[in-house]
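Quick notes on the structure that follows.
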2 protein chains.
Amino acid sequence: MTTARRSDATRAAILEAARERFASDGYERATIRAIARDAGIDPSMVMRYYGNKEGLFVAACAMDLSLPEFGELPARHAGTMLVRHFVDRWEQDERLTAMLRVGVTNEAGTARMHEIFAQGLAPLTRGVCPVPEEAPRRAALVASQILGMALARYVLRLPPAVELTREEIVAWLGPTVQRYLTAESP
Amino acid sequence: MTTARRSDATRAAILEAARERFASDGYERATIRAIARDAGIDPSMVMRYYGNKEGLFVAACAMDLSLPEFGELPARHAGTMLVRHFVDRWEQDERLTAMLRVGVTNEAGTARMHEIFAQGLAPLTRGVCPVPEEAPRRAALVASQILGMALARYVLRLPPAVELTREEIVAWLGPTVQRYLTAESP
DNA sequence: TACGCTTGCCAACAAGTGTTGACCAACGTG
DNA sequence: CACGTTGGTCAACACTTGTTGGCAAGCGTA
């Protein structure tokens, strides 16, 4: 356990500003100078605390990959629950949008997305889908639908996608994800 | 009709190099210098022929938004046909990947995606889906699934998504899109 | 041949980038 | 109090970016 430092407030301000900038501007356009300005400090502080820009991104998007345990829950509602869980998180955690935006243009971001997919989503499907060796493929299908909605709604902001309510999204995507998880291979 | 110019070969080389760079690097990292180097000419030529970087992007991604006519075709296969059509185009036209990558970080790219959605996909759903005023919402759902697969497969390159065959994609996503188009609202 | 237009290269500009090191003030402990 | 450590600013570096203007060579026409 690391003891509290006098600079913890500054460090936190930097991380929050970085998350906002990465989420709204992407990796290249989120400049260290702009982030520092938002945080109300000098750009050189960012370097001192996080080494370089990539280190800052890693720190700003660090999170545990733990997902809720679906193993014990009724497999027939896994789709709906998964969609609801992701929509809720996406609404309240800028890191997800930041990672999606950065994952498209930055190599480290792409790698992090692969990691989250492999360690977060793929194992989870293993417990739900019928044939174990089909799990990665089914996880990819699920990812395509969930990331696609995030892309349309939070990044591209297509008006009809923005206007959907959370419950509408759950009602429409839930059965899709459920089918990708448990329906027999076509 | 514009008459042939002596520089048409160079212009075409620039556009092709630009498409490749935009598709693989995104807007910011696709520098004019790199594009010019790929095309084997001086960066200043790019400026002369296309004005500025944004003009180059517009020219490189210009295309007609016409989609095949689905109005006359059996509405019960519209989902499968739409998915097959998009997968085929995506495989052979770098402009689509370029537009997706750029649309995530660049404002002009986002605007172009809105345009393609509004003028390309949305009108097409109007002829297929039951209630006309639901057409935009259903088009957004379709877009989320199709763009999501493009994102996972061509941009993020999640291994299981890359390994899917075209026919597998059609077989899995076809029914999803069909449901988004024609199933009654949940 | 002489002229104007096109094609192309070269060198440079101004602005912005990530990054670094010197320097100052405040704090906490001996 | 003196002193090392920490938090912070300032100015500058080296580099890359989009963009511009000048100049030479080639082409077609008169």
Side-chain angles (χ1 to χ4, degrees), chain A residues 1-61 98 101-102 105-109, chain B residues 1-61 98 101-102 104-109 112:
Chain A
M1 168 186 167
T2 61
T3 149
R5 287 158 300 194
R6 198 155 31 109
S7 60
D8 280 346
T10 301
R11 294 175 126 96
I14 293 175
L15 283 191
E16 192 184 322
R19 275 192 276 264
E20 277 183 33
R21 285 285 177 176
F22 282 132
S24 66
D25 293 349
Y27 190 81
E28 333 284 337
R29 286 180 40 208
T31 70
I32 290 191
R33 283 172 161 88
I35 292 169
R37 200 179 323 124
D38 291 354
I41 45 93
D42 191 88
S44 61
M45 301 301 298
V46 179
M47 308 303 296
R48 183 176 299 176
Y49 291 146
Y50 299 102
N52 55 26
K53 189 175 180 180
E54 192 169 316
L56 172 63
F57 170 72
V58 171
C61 289
R101 262 221 170 83
V102 173
T105 47
N106 180 264
E107 207 152 334
Chain B
M1 167 187 165
T2 61
T3 147
R5 287 159 301 196
R6 199 156 27 111
S7 60
D8 280 346
T10 301
R11 293 174 127 96
I14 292 174
L15 284 192
E16 191 183 323
R19 276 193 274 266
E20 277 183 34
R21 284 286 176 176
F22 282 132
S24 66
D25 292 350
Y27 191 81
E28 333 284 337
R29 287 181 39 207
T31 70
I32 291 193
R33 284 174 160 86
I35 292 169
R37 202 179 321 124
D38 290 354
I41 46 93
D42 190 88
S44 61
M45 302 301 297
V46 178
M47 308 302 296
R48 182 176 296 174
Y49 291 145
Y50 298 101
N52 54 27
K53 188 176 180 179
E54 193 170 315
L56 172 63
F57 170 71
V58 170
C61 290
R101 262 222 170 83
V102 173
V104 169
T105 48
N106 179 263
E107 207 152 335
R112 186 96 177 91

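Per chain, numbering begins at 1; letters A, B, ... match sequence-line order.
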Margin query: Listing request: all salt bridge (Lys or Arg N to Asp or Glu O under 4.0 Å) pairs with a residue in residues 46-56 of chain A, at least two apart in sequence or in separate chains.
Written below: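 Qualifying pairs, neighbours excluded: none.
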Margin query: I'd like to know whether CD of B:E16 has more than 12 heavy-atom contacts from other residues, nucleotides or ligands below 6.0 angstrom.
Written below: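 No, CD of B:E16 has 12 or fewer neighbouring heavy atoms, counting only those of other groups under 6.0 Å.
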Note to self: Is the shortest side-chain heavy-atom distance between B:Y49 and B:L56 below 4.5 Å?
What the structure shows: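 Result no, sub-4.5 Å side-chain heavy-atom pair not found.
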Next item on the list: Kindly indicate whether the side chain of A:E28, heavy atoms from C-beta on, has any atom under 4.5 Å from the side chain of A:T105.
Entry: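 With C-beta onward as the side chain, the pair touches.
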Note to self: Looking at A:A34, is its backbone amide N or carbonyl O close enough to the side chain of A:T31 to form a donor-acceptor pair, meaning the two atoms are under 3.5 Å apart?
What the structure shows: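 Yes; judged by distance alone, with no hydrogens or angles, the pair exists.
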Check: First and last nucleotide of DNA chain C touching chain B, 5' to 3', heavy-atom cut-off 4.0 Å?
Finding: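 The protein-touched segment is C:dT6 to C:dA12.
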Checklist line | Contacting residues from residues 39-52 of chain A, given that a heavy atom lies under 4.0 angstrom of DNA chain D | finding: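 By residue number: A:I41, A:D42, A:S44, A:M45, A:R48, A:Y49.
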Next item on the list: With rounding to the nearest 0.5 Å, note down the distance linking CD1 in A:I41 to CZ in A:R11.
Entry: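 The distance works out to 11.5 Å.
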Item checked: Aromatic ring pairing B:Y27/B:F22, orientation class (parallel under 30°, perpendicular over 60°, tilted between) ->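 B:Y27 vs B:F22 ring planes: parallel.
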Checklist line | Positional range of nucleotides in DNA chain D within the contact set of chain A, heavy-atom, under 4.0 Å | finding: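 Counting from the 5' end, contacts occupy D:dT6 to D:dA12.
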Checklist line | Residue pairs involving residues 34-45 of chain B (criterion side chain to side chain donor-acceptor pair (under 3.5 Å); sequence neighbours excluded) | finding: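 The answer is B:R21-B:D38, B:D42-B:S44.
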Notebook entry, point to check: Taking only residues two or more places apart in sequence, or in another chain, which ones meet B:R19 in a salt bridge (Lys or Arg N to Asp or Glu O under 4.0 Å)?
Noted result: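 If we apply the salt bridge (Lys or Arg N to Asp or Glu O under 4.0 Å) test to B:R19, skipping adjacent residues, there are no hits.
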Item checked: Least distance between heavy atoms, B:A98 atom then B:C61 atom ->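 Smallest heavy-atom distance, with atoms named: CB-SG, 4.2 Å.
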